[in-house]
Amino acid sequence: MPSPFRSPHVFSLEEAAGAAPTLAALQERIRQSDWCLQQIRPLMPVALRPHVVAGPLEDTDWCLLVRSTAASTKLRQLLPRFLERLTEQGAPVRTIRLKVQSPV
């Protein structure tokens, strides 16, 4: 059975993303979103931290993905503090949305 064609130039995902402007922009937004989460994580109760992941960052709107409605309710109370911290750190975020992830 013939083996599949392999290009002599193998690129990592990061190299490929960097070479394509659209993918590079997406990769940068993902990095910014992760950075924003790192900035606010210390403000979260320790028990909630595993239930929150960084979501999409589009212009000045950022989304946090939350695993439960209860966690979302508590986090909603903390949104003003989150925005204050992000503003202090120079993040362009002006609004934070919470989206409860449905179980898989």
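Sequential numbering from 1 along the given sequence is applied to the chain's residues.
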Using every non-hydrogen atom in the two residues, find where C36 and V93 come nearest and quote the distance to one decimal. SG-CG2, 3.9 Å

Say you draw a straight line from NE2 of H51 to OG of S72; how long is it, rounded to the nearest 0.5 Å? 12.5 Å

On a heavy-atom basis, the closest approach of A91 and R94 is O-NH1, 3.5 Å

When you group the ILVMFWY residues by side-chain heavy-atom contacts below 4.5 Å and let the links chain together, are L37 and I30 in the same group? no

Excluding sequence neighbours, so at least two apart, what forms side chain to side chain donor-acceptor pair (under 3.5 Å) with D61? T95, R97

Cluster link L43 to L79, ILVMFWY, side chain under 4.5 Å: yes

Rounded distance (nearest 0.5 Å) linking atom CD of Q89 with atom OG1 of T87: 10.0 Å

Is there a side-chain contact (heavy atoms from CB on, under 4.5 Å) between L83 and W62 once you walk through the steps? CA-CA 10 Å; L83 282 170; W62 182 41; over 6 Å; no

Should I40 and V52 count as side-chain neighbours, where that means a heavy-atom distance under 4.5 Å? no

Quick one: salt bridge (charged side-chain N to carboxylate O under 4.0 Å, His left out) partners of E84, sequence neighbours excluded? none

Report yes or no: do V100 and I96 belong to one cluster of Ile/Leu/Val/Met/Phe/Trp/Tyr joined by side chain heavy-atom distances under 4.5 Å? no

Check: P92 main-chain N/O paired with T60 side-chain donor or acceptor under 3.5 Å: no

Provide the closest heavy-atom pair for L65 versus A54 in the form atom of the first, atom of the second, distance. CD1-O, 4.2 Å

Nearest heavy-atom contact between A71 and S68 is N-OG, 3.0 Å

Side-chain donor/acceptor of R49 to backbone N/O of R41, under 3.5 Å: yes

Is there a donor-acceptor contact under 3.5 Å from the side chain of R76 to the main chain of L98? no

S33 side chain vs R29 backbone, donor-acceptor pair below 3.5 Å: no

The reported gap from CZ in R85 to CG in L78 (rounded to nearest 0.5 angstrom) is 11.5 Å

